[in-house]
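Each residue takes its place number in the sequence, starting with 1.
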Amino acid sequence: MRDRLYIDGEWRAPVRGGTIPVFNPFTEKVIHQVAAGGPDDVDLAVKAAAAAFPAWKRASGSVRGRFLSAIAARVRERKDELARLSSLNNGKPLAEALIDMQDVATSFDYYGRLAVELDREQDAAVQVPDSAFRATLRREPIGVAGLIVPWNFPMVTTSWKVAPALAAGCTVVLKPSEVTPIVELELGAIADEVGLPKGVLNLVTGLGPDVGAPLTTHKDVAKISFTGSNAVGARVMAAAAQGPKAVSLELGGKSPIVVFADADLDIATECVINGIFFNAGQMCSATSRLLVEDKIAPRLMERVIAAARALKPGDPLDPATTLGPLTTRAQYDKVMSYIARGKADGLDLILGGGRPEGLGTGWFIAPTIFGDVPVSSPLWREEIFGPVLCVKTFSNEDEAVALANDSDFGLVATVVTNDKNRGERVADAIDSGLIWINSPQVIFVETSWGGFKASGIGRELGPWGLDAYLEVKHKTRRLKAA
Ligand code: NAD
């Protein structure tokens, strides 16, 4: 495990010294100390990235694409070890961490291909309605990108930013979460292994106010891409306004899953369970509000409860474990306080509501379900970010759509129905960036990721993810002087 900052192709101690403890959420013990970076380190990293920018920008897309493919290949070769580190630090079951590493490699491969395509598309003609002129389009990298990520899917979120930024020709300063920096530091080692030019990728670990904040105000950073909470996202956007810098925000969610009476109950159960208990519910895309048509509510809930009871909490490194602990003590306390609030308000606690039995250490919370939750309850309205499902019944499609849209957020939604037309109609009526129909939360790198309303600004993944790091430049030439 690494304990230094990766700046300009070298592993360096932070300028003012200091370390931050990193925990294993299963043992609750400190497993490592990482460097506590500060504003001076951010400045060094940004200077290195700015110095590396002209050559990286000039390199062809094919050259950049080859580096990205090499990173993907290295992630695949090291996937078991990286997944183990991620599981150890984040608490996610090993099988989930392995899925993450596959997604990381896929992102680097995909954006490697888009980098090559970018070359081909440069200077394409743009149709203009006057034959005396010829217009062409170039897309150029914005500059140094400051990338700030959270702790729930550390490597996945990182790859969704680093891969398109590098493909576009931006150079990068990455700030991992102080909670889960261990696996992301390995990206520095991988950059070394594949011979990425010095300064193209820099990693500065540290606390938000010490590293994230100076990154958002640094005059030589042209773009900030942030994934995290709404509270910090608002600060990031305000800070970036001073540049101004381009900003992308991937924020919170309180997403609905809508199950109609004609649904296949096995599929519905799979979607409900996957949408709230994967990664112990610590997902921005958690479908934490279950809307079920009243006619089938008892039958669906019977299955959901049985499936939730069958989840096996335990050591995340044990292949039999399907429910890990929450990643931090603070998150455990936060989720427990929502559960306590639900109990104090007299909500109908159908399942869970505390620690699972038989476990010594670990920030575990049992799969928890509250039934018939009023729409005014904070449990219904606020992002809990843990294994807590709130349920409500509806009696017709209009009511379901109205309830689904009654939220400040709009990240994702799931619709479960055997009526194809209704599936499309309801998906079209819900205000969210991504809708799954009869599907668990499958994410393809080719499709977009990002939210409506308070869930954020901009999109990651697909070509939209690349656009976030590109400026648009048109050239208009008069063909013949009059
Ligand atoms: P957070 O906002 O506390 O922290 C996110 C990152 O911002 C961390 O690296 C942190 O150190 C840094 N930071 C803190 N203060 C900062 C400041 N003043 N300036 C700049 N950076 C600062 O979020 P978290 O608790 O790590 O993650 C959970 C949140 O992330 C949830 O709300 C979740 O919904 C959201 N999230 C969203 C998505 C998405 O794609 N929409 C994905 C994952 C997580």
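- Considering every non-hydrogen atom in both Met155 and Val183, the closest pair reads CG-CG1, 3.4 Å.
- No side-chain donor-acceptor contact under 3.5 Å links Asn230 to the backbone of Leu251.
- Listed for the Lys392 side chain is a donor-acceptor partner under 3.5 Å among the backbone atoms of Val373.
- Lys92 places none of its side-chain heavy atoms less than 4.5 Å from the side chain of Phe278.
- With respect to the salt-bridge test (charged N to carboxylate O, under 4.0 angstrom), the residues Glu302 and Arg299 do not qualify.
- A donor-acceptor pair under 3.5 Å is formed between the side chain of Asn405 and the backbone N or O of Ala429.
- A salt bridge does not link Lys343 with Asp348: none of the charged nitrogens is closer than 4.0 Å to a carboxylate oxygen.
- Of all non-hydrogen atoms in Leu114 and Gly462, the two that sit nearest each other are CD1-O, 4.2 Å.
- Counting heavy atoms from C-beta outward, Val156 and Val104 have side chains that approach closer than 4.5 Å.
- Between Glu77 and Arg74, at least one side-chain nitrogen of the basic residue sits less than 4.0 Å from a carboxylate oxygen of the acidic one, meeting the salt-bridge criterion.
- Counting non-hydrogen atoms of neighbouring residues, nucleotides and ligands closer than 6.0 angstrom, the CZ atom of Arg341 reaches no more than 12 such neighbours.
- The closest donor-acceptor contact from the side chain of Asn89 to the backbone of Asn24 lies at 3.5 Å or more, if one exists at all.
- Side-chain N or O atoms of Arg138 include none that pairs as donor or acceptor with a backbone N or O of Gln122 at under 3.5 Å.
- Taking the charged nitrogens against the carboxylate oxygens, Lys254 and Glu383 have no contact shorter than 4.0 Å, which rules out a salt bridge.
- Gln331 places no side-chain N or O within donor-acceptor distance of the main-chain N or O of Thr327, the cut-off being under 3.5 Å.
- At a threshold of 4.0 Å, the pair Arg139-Glu471 does not count as salt-bridged, since none of the basic side-chain nitrogens sits closer than that to a carboxylate oxygen.
- Here the side chain of Glu186 pairs no donor or acceptor atom with the backbone of Leu82 at under 3.5 angstrom.
- The minimum heavy-atom distance between Pro367 and Leu323, with the atom names listed, is CD-CD2, 3.7 Å.
- Taking the six-membered ring for Trp and thresholds of 30 and 60 degrees, Trp449 and Trp436 have ring planes inclined between 30 and 60 degrees apart.
- Shown are Leu215, Val144, Thr217, Val221; of these, the side-chain contact (heavy atoms from CB on, under 4.5 Å) with Lys245 is made only by Val221.
- Because its NZ or CZ atom is both nearer than 6.0 Å to the ring centre of Phe260 and within 45° of the ring axis, Arg422 counts as a cation-pi partner of that residue.
- Across Thr368 and Gly353, no two heavy atoms sit closer than the pair OG1-N, 2.9 Å.
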Q.
Could you walk me through whether Asp406 and Arg289 satisfy the salt bridge (charged side-chain N to carboxylate O under 4.0 Å, His left out) test, starting with their C-alpha distance in whole Å, then the side-chain angles of each, then the deciding distance to 0.1 Å, before giving a yes or no?
A. CA-CA 11 Å; Asp406 180 18; Arg289 293 185 295 138; over 6 Å; no
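- You'll find the ring centres of Trp151 and Phe385 inside the 6.0 Å limit.
- The two atoms that bring Ser159 and Ser107 nearest to each other are OG-OG, 3.6 Å, heavy atoms only.
- With respect to Glu250 and Arg459, no salt bridge is recorded, no charged nitrogen being found less than 4.0 Å from a carboxylate O.
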(Q) Under the criterion salt bridge (charged side-chain N to carboxylate O under 4.0 Å, His left out), I'd like the reasoning laid out for Arg425 against Asp419: C-alpha separation, chi angles, the key distance, then a yes or no. (A) CA-CA 10 Å; Arg425 203 166 54 231; Asp419 179 336; 5.0 Å; no
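- The two atoms that bring Pro256 and Leu291 nearest to each other are CB-CD1, 4.2 Å, heavy atoms only.
- With Asp262 contributing its side chain and Thr417 its backbone, the two residues share no donor-acceptor pair below 3.5 Å.
- Comment: Asp333 engages Arg329 in a salt bridge, judged by a side-chain N to carboxylate O separation of less than 4.0 angstrom.
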Q: Check the pair Lys453, Ser407 against side-chain hydrogen bond (donor to acceptor under 3.5 Å, both in side chains), reporting the backbone distance first and the verdict last.
A: CA-CA 9 Å; Lys453 302 193 272 185; Ser407 170; 5.4 Å; no
**Q.** Stepwise side-chain hydrogen bond (donor to acceptor under 3.5 Å, both in side chains) check, Thr227 with Lys161
**A.** CA-CA 10 Å; Thr227 298; Lys161 296 184 191 304; 2.7 Å; yes
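- With hydrogens and angles disregarded, a donor-acceptor distance shorter than 3.5 Å links the side chain of Thr322 to the backbone of Lys312.
- Leu347 has its side chain within reach of Pro374: a pair of non-hydrogen atoms, C-beta onward, lies under 4.5 Å apart.
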